[in-house]
Engineer: 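My structure is below; once you've seen it, I'll send some questions.
Just so we're on the same page: letters track the sequence lines, and every chain starts at 1.
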There are 2 protein chains.
Amino acid sequence: MTSLLQYFSKFNPLSKEAEDAIIKISTVVKIKKNQDLQPIGHTCKTIYFINKGIARIYYYKNGVDITESFSFENTIIARVESLFTGNPSRKGIQVLEDSEIIAINATQLFDLYDTYPEIERLFRKIFEKAYVDTVNRMEGIQFHTAEEQYIALIKEQPTLLQKVSLKHIASYLGITQVTLSRIRGAIR
Amino acid sequence: MTSLLQYFSKFNPLSKEAEDAIIKISTVVKIKKNQDLQPIGHTCKTIYFINKGIARIYYYKNGVDITESFSFENTIIARVESLFTGNPSRKGIQVLEDSEIIAINATQLFDLYDTYPEIERLFRKIFEKAYVDTVNRMEGIQFHTAEEQYIALIKEQPTLLQKVSLKHIASYLGITQVTLSRIRGAIR
DNA sequence: AAAATCCTTTTACAAATGTTAAATAATTAG
DNA sequence: CTAATTATTTAACATTTGTAAAAGGATTTT
């Protein structure tokens with residue numbers, strides 16, 4: 001759990017009691033490549049922290065597998081559109097290599113907010129940052145070409161290319177595999 | 001300020017003292033059509049609530065005016081990618097008709113978080129909802145055609161069409177005016 | 001090691017969108 | 001009210017992206 005506490009301390013340092021309270025509602029999960037951490041259709045009541053590995057949020061659009069986002073080591077992953085609304089999610093979380101994940105029980109976490117304002121503040125800040133990242137990514141999607149985005153992606157996340165299949169990267173960029181292949185060809 | 005307090009109460013009812021504390025750091029602004037509420041380049045230190053009117057967040061991409069989002073009566077508008085990071089924003093907020101806006105001083109608001117955990121909770125919930133809306137909109141942008149989005153837009157926000165020029169709607173949808181005209185022609 | 005499966009690239013063609021310019025419609029300013 | 005400006009539509013053509021199918025690589029399974 002050290003990496004998790006270290007991650008937290010970057011947002012909002014916690015008292016020992018608050019740290020312990022979070023650890024008490026968290027479990028470590030080991031999960032094999034290509035397995036679902038959470039299946040499509042369930043209501044999200046867990047916030048995950050990736051200790052080791054890579055995960056993606058995905059869903060099906062007209063029968064086609066779409067990757068909504070990737071998450072890397074030492075980051076949080078959650079389907080917020082279910083977590084914050086209580087609605088079942090049409091999205092699943094899948095692990096793309098053998099991974100070690102910390103699962104934080106969100107129901108119990110939200111209860112802790114009443115006792116520990118510092119925990120509420122911590123997660124407020126964590127999700128504010130995630131919100132900002134999402135706004136910035138939306139700008140990318142909407143107003144940059146697929147080629148610009150692909151170039152930015154391999155610059156900012158070079159490991160992604162080695163670990164994730166191109167079809168997932170293509171759907172993440174909102175284009176087909178064929179178009180991504182063409183872009184790769186054009187760059188060379 | 002009644003409408004603002006009513007808006008708050010839907011997220012997290014406040015004590016009288018907390019309400020007063022927020023009112024104390026808020027001012028009412030009247031602003032004429034097409035004026036900037038906040039210009040491009042400034043660091044966002046204000047959260048706006050639209051009492052009356054319509055506003056949009058916009059910026060320039062290769063010299064072209066792009067609408068990132070619209071906001072309607074009885075909603076909050078803020079450039080979160082500046083508000084939460086302290087970075088200057090490349091985006092501006094413009095009003096699209098004569099409007100009445102409540103401006104909440106964000107610096108002072110964030111200070112209130114220490115004294116009033118209920119206020120911190122209120123804005124946590126407000127921005128959690130905004131985050132969810134953004135995630136859902138991103139899904140729309142990336143995986144629905146412009147025509148699907150336009151049809152959804154006029155269904156969900158029929159007033160938009162009467163009040164906003166088509167070029168703003170086009171850039172909001174990530175397409176050119178010409179393409180939007182074709183879509184409108186095809187629907188008829 | 002061979003067979004089977006999955007991933008990636010390539011090709012040919014179709015469909016959608018962008019660009020530029022002109023024509024028409026609507027709105028604003030004097 | 002008219003002129004000027006701005007907004008919207010239409011047209012012709014170029015470019016991009018999608019679709020479907022096939023071929024070539026790579027990886028996994030038996």
Engineer: Whole angstroms only, please: what is the CZ-P distance between A:Arg182 and C:dT9?
Structural biologist: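 These atoms are roughly 12 Å apart.
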Engineer: Would you mind checking if A:Lys16 and A:Asp20 are paired as a salt bridge, meaning a charged N to carboxylate O distance below 4.0 Å?
Structural biologist: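 Salt bridge present between A:Asp20 and A:Lys16.
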Engineer: Provide, to the nearest angstrom, the distance between the CD1 atom belonging to A:Ile183 and the P atom belonging to D:dG18.
Structural biologist: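 Atom CD1 in A:Ile183 sits about 9 Å away from atom P in D:dG18.
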Engineer: Given B:Arg124 and B:Glu120, is the salt bridge (charged side-chain N to carboxylate O under 4.0 Å, His left out) satisfied, shown in steps?
Structural biologist: CA-CA 6 Å; B:Arg124 170 175 67 77; B:Glu120 179 164 12; over 6 Å; no
Engineer: In whole Å, what is the span from the CG atom of B:Leu166 to the C1' atom of C:dT24?
Structural biologist: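 Spelled out: CG on B:Leu166 to C1' on C:dT24 is 15 Å.
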Engineer: Does B:Glu73 come within less than 4.0 Å of B:Lys52, counting only side-chain N to carboxylate O?
Structural biologist: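 No, no charged N to carboxylate O under 4.0 Å.
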Engineer: Nearest-Å distance, CG (B:Leu173) to P (C:dA16)?
Structural biologist: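 Checked: the CG to P distance equals 17 Å.
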Engineer: If we count only N and O atoms by modelled type, under 3.5 Å, do the side chains of A:Asn87 and A:Ser82 hold a donor and an acceptor together?
Structural biologist: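 The criterion, which ignores hydrogens and geometry beyond distance, is not satisfied for A:Ser82 and A:Asn87.
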Engineer: Please compare A:Val178 and B:Gly174 by the position of their nearest nucleotide in DNA chain C and report the one closer to 5'.
Structural biologist: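 The residue mapped nearer the 5' terminus is A:Val178.
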Engineer: Calculate the interatomic distance between A:Lys167 atom NZ and C:dC7 atom P; express it in whole Å.
Structural biologist: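 Roughly 4 Å, once rounded to whole Å.
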Engineer: Let me know the distance between CD1 of A:Ile175 and P of D:dT19, rounded to the nearest Å.
Structural biologist: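 The answer, rounded to whole Å, is 12 Å.
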Engineer: May I ask you to verify if any side-chain N or O of A:Thr179 is less than 4.0 angstrom from the OP1 or OP2 atom of D:dG18?
Structural biologist: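 Checking D:dG18 against A:Thr179, a side-chain N or O does come within under 4.0 Å of OP1 or OP2.
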Engineer: Expressed in angstrom and rounded to an integer, what is the separation of B:Arg188 atom CZ from D:dT8 atom P?
Structural biologist: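 Between P of D:dT8 and CZ of B:Arg188: 13 Å.
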Engineer: What nucleic acid atoms does A:Ser181 come within less than 4.0 Å of, heavy atoms only: base, sugar-phosphate, or nothing?
Structural biologist: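 Here A:Ser181 touches the bases of the nucleic acid.
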Engineer: Whole Å only: how far is the CD1 atom of B:Ile187 from the P atom of C:dA16?
Structural biologist: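 Answer to the nearest Å: 14 Å.
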Engineer: State whether A:Thr176 places a side-chain N or O below 4.0 Å from either non-bridging phosphate oxygen (OP1 or OP2) of D:dT17.
Structural biologist: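 So the side-chain polar atoms of A:Thr176 never come under 4.0 Å of the phosphate oxygens OP1 or OP2 of D:dT17.
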Engineer: Mind checking B:Arg184 for me? I need base, sugar-phosphate or nothing, with any heavy atom below 4.0 Å counting as a touch.
Structural biologist: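 It contacts sugar-phosphate atoms only.
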